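Data block below; observations after.
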Amino acid sequence: MNAQAIIAKRIARELRSGMLVNLGIGIPTMVASYVPGDIHVFFQSENGLIGTGPIPEQGMAHPTLTDAGGHPVTALPGASSFDSAMSFALIRGGHLDLTVLGGLQVDQTGRLANWMIPGKMIPGMGGAMDLVSGAKRVIVAMQHTAKGRSKIVGKCTLPLTSTRPVDMVVSELAVIIFHNGSATLSETAPGVSVDDVIAATQAQLKIPKDVREMQL
Amino acid sequence: MNAQAIIAKRIARELRSGMLVNLGIGIPTMVASYVPGDIHVFFQSENGLIGTGPIPEQGMAHPTLTDAGGHPVTALPGASSFDSAMSFALIRGGHLDLTVLGGLQVDQTGRLANWMIPGKMIPGMGGAMDLVSGAKRVIVAMQHTAKGRSKIVGKCTLPLTSTRPVDMVVSELAVIIFHNGSATLSETAPGVSVDDVIAATQAQLKIPKDVREMQL
Amino acid sequence: MKTVALRQAVEMIPDGAILMVGGFMGVGTPERVVDEIVRQGKRDLTVIANDTATPGVGVGKLVSSKSISKAIVSHIGLNPETQRQMMDGEMAVELVPQGTLIERIRAGGCGLGGVLTQTGVGTVVEKDKQKIVVKGTEYLLETALHADFALVHAFLADYVGNLSYALTARNFNPVVAMAAGTVIANADHIVPTGVIAPDHVATPGPIVDYLIAN
Amino acid sequence: MKTVALRQAVEMIPDGAILMVGGFMGVGTPERVVDEIVRQGKRDLTVIANDTATPGVGVGKLVSSKSISKAIVSHIGLNPETQRQMMDGEMAVELVPQGTLIERIRAGGCGLGGVLTQTGVGTVVEKDKQKIVVKGTEYLLETALHADFALVHAFLADYVGNLSYALTARNFNPVVAMAAGTVIANADHIVPTGVIAPDHVATPGPIVDYLIAN
């Protein structure tokens, strides 16, 4: 299994029936592919849809049914559509049970930076700041390192997305939980040791006695 | 013609095709009965309807199609319905071309009091404060006096509805226009002299040379 | 979303709860729920709604049964019993301009701390409120309202809790549905999932906690 | 509401105008209107929209034609030409969190001076903004946005200007329609008055100034 699949599969295990969930682009989108068959999750797309389904069959796409990237999707039975004010009312108002986003850096206290690299890449924050500030639970899906450097850092050097700490980071190496300003190693991926994670992580991690192996 | 009919008929002459208009309860509601046949006005009801029509035929009332008092109305072709947030977005946001309200007092500068008499009657302001603050044009429909006392006063003794001055008062005696903090007698009702109006009015009125007779 | 019996739904509401109730002069108020609140003898409720309707209608029933200790409403003029209880000090009434009331509720549901409005500036409504100047214009800061329960009435509900409303019975319903910890919905018709077109859903299913069974 | 030809509608827009444009990554953007703006060679526009789409799509066309001097948007990541013009100082870009952007536009359309949001507190977004504390929580005051023109795209329009939108093509459209001095609407289908049910109208006719004829 590649890194992205490990991350997406592990996050899918956090889903529960009835949850309203927003998935960001990239690895987060892949989470939808691993939803257990026995649960029903509502996926929100911030461009104005709850009940986003898979990519339409050949010839069945419609220009008014799209994901946040503008690409065709389907709507499942029970879907609802709405304007952007309502879409962000759902996000900012705490109605979203879970948001899964990509990350550039997460610091030791759980603060996320994921929307720009000054002087290099300024895509804009889109809905990320509202999602992190408003969702009940925030999970960051990202690879543990970039170009050999830890993305889980003592202090973010990139501009923050929000001062509200995220709840969990899932990487291809580990699950890290943030609580009361500190980071705890909760699980390691199959074949990865606690020492491997510590070595790959710049942030100070609390290591409990019972670090479990990630179930995938 | 009785006092109320004079007031309603005169105000109806202010209507123009395409206007979005909100009518308060009482005399203002009667304005709808005098809309000239050659114009099309959109009446808004603040409980969530544009395109309010007359009272339904016997047996055709529906509990979900009502005016702001909860009484059955009809919806004309081209009607639209919406929630209360949208209804007051239209009102507060300056989208209403005209609102016609009843009044308890209007002062010399055009300030209206129409929502309570301390210690006696406290119905609540309902939508009145938003209507007076937000509509493009505000006309007060009221009898000139109450128990022999002028309702057009030097200074309101009752709690204000808004500090935004109304544009016009139409009574059974006169049309008074408010502009730049002063009140001008614009028209007198048939059979009513300028002196009659001055005698019935506590507020200081500017009297131009060309006070016309109200066309009804 | 869970489907529950009327009695069970109302049993969840404790005395002293803060309720938001949909409806405008009783139109669009979940009468079944109101009746059951009266039957179960709830007390000391704070009710946030557009108005107190008339005696025997909508929120008016809760006034007559003396279930309400505080009402936050825009209009009480058509319910003499509300006026009496207010004058006699039996019930506290906070009168809020209608457009301000709906925005304060909306703000609560949308995660906004409040909104700036000119409505009420220079009137008794500005009492104890922060005034904020933006580009030379003075506004009142009107803060968000939240409730423990929202009681909403819809025209159609489906099996996942999607709600659609009819005409002037929509009014406060979709707005209060966003602003409460627990949302209890009653509908004229419960229809299979998929019957309500996505564009006609005004309250998405995940917002609704309990749908009252027929 | 007046019905006008496309060319005539766009001729009303002067160089230097502030435009709000519906659409989300081009979905729900009135492409005909955008094409005509490019054809007429408008310059120095301020564009308020969710994003600048991609080159050749929606607002992206206005970027490529160098019609825009300032963009107020939440996302430009999928349009390299926007990034280039911004980096080279050819176009000013104000990046606004998406939920804040839509609320600032809504505030403009609803007569609110602004709203309080926690989004952006403690980030670069709070720069030069008033901070307001309500019940111990710190919020940013985000002020209302207004435009000279709103360019909206609907699924259905009727002869009095009522508009209804389809699925994810709704997005910013009904919100920008409320916040501009002049509203120009384009629709996939113009249908006789009465065809759109009152409950399915998202933008009431009196809000629309010009409907572009087929």
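Keep in mind the model is a prediction, meaning the values are calculated, not measured. Protein chains get the first letters and strands the later ones, always in sequence-line order, with residue 1 at the start of each.
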Output every pair passing ring-ring contact (aromatic ring centres under 6.0 Å, His included) with a member in residues 17-65 of chain A, not counting sequence neighbours, ordered by first then second residue.
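Pairs touching residues 17-65 of chain A that pass the test: A:H40-A:F42.
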Are the side chains of D:V27 and A:N47 in contact, using a 4.5 Å heavy-atom criterion?
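Result no, sub-4.5 Å side-chain heavy-atom pair not found.
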Could you check which of A:A79, A:S80, A:G69 has the highest count of heavy-atom pairs closer than 4.5 Å to chain D?
A:G69
If you count heavy-atom pairs within less than 4.5 Å of chain D, which of A:R92, A:M121, A:E46 leads?
A:R92
Check: D:R170 side chain, A:S81 main-chain N or O, donor-acceptor pair, under 3.5 Å
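Yes: the side chain of D:R170 pairs with the backbone of A:S81.
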With no hydrogens and no angle check, is any side-chain donor or acceptor of A:T64 less than 3.5 Å from a backbone partner on D:T168?
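Such a contact is absent between A:T64 side chain and D:T168 backbone.
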Please classify the contact of [X] with chain D as side chain, backbone, both or neither, using a heavy-atom distance under 4.5 Å.
X     : value
A:I91 : neither
A:A68 : both
A:S45 : neither
A:T66 : both

Minimum heavy-atom separation for [X] to [Y], with atom names?
X      : Y      : answer
A:S133 : D:Q118 : OG-O, 4.4 Å
A:D130 : D:Q98  : OD2-N, 3.6 Å
A:S84  : D:F172 : OG-CD1, 3.1 Å

With a 4.5 angstrom heavy-atom cut-off, is it the side chain or the backbone of [X] that approaches chain A, or both, or neither?
X      : result
D:V93  : neither
D:T100 : both
D:L167 : both

Start with the C-alpha distance between A:F88 and D:E103, add both sets of side-chain angles, then the distance that settles side-chain contact (heavy atoms from CB on, under 4.5 Å), and finish with yes or no.
CA-CA 9 Å; A:F88 280 85; D:E103 281 298 321; over 6 Å; no
[atom1] of [X] to [atom2] of [Y]: how many Å apart, nearest 0.5 Å?
X      : Y      : atom1 : atom2 : result
A:K120 : D:M87  : NZ    : CE    : 11.0 Å
A:M125 : D:T119 : CE    : OG1   : 10.5 Å
D:L95  : A:W115 : CG    : CH2   : 6.0 Å

Could you tell me whether [X] atom [atom1] has more than 12 heavy atoms of other residues or ligands within 6.0 Å of it?
X      : atom1 : answer
D:K131 : NZ    : yes
A:I207 : CD1   : yes
A:I25  : CD1   : no

Output the residues of residues 173-207 of chain D for which the shortest heavy-atom distance to chain A is under 4.5 Å, in residue-number order; output 'none' if no such residue exists.
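Residues in range: D:P174, D:V175.
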Between D:G122, D:P97, D:A166, which has the largest tally of heavy atom pairs under 4.5 Å with chain A?
D:P97
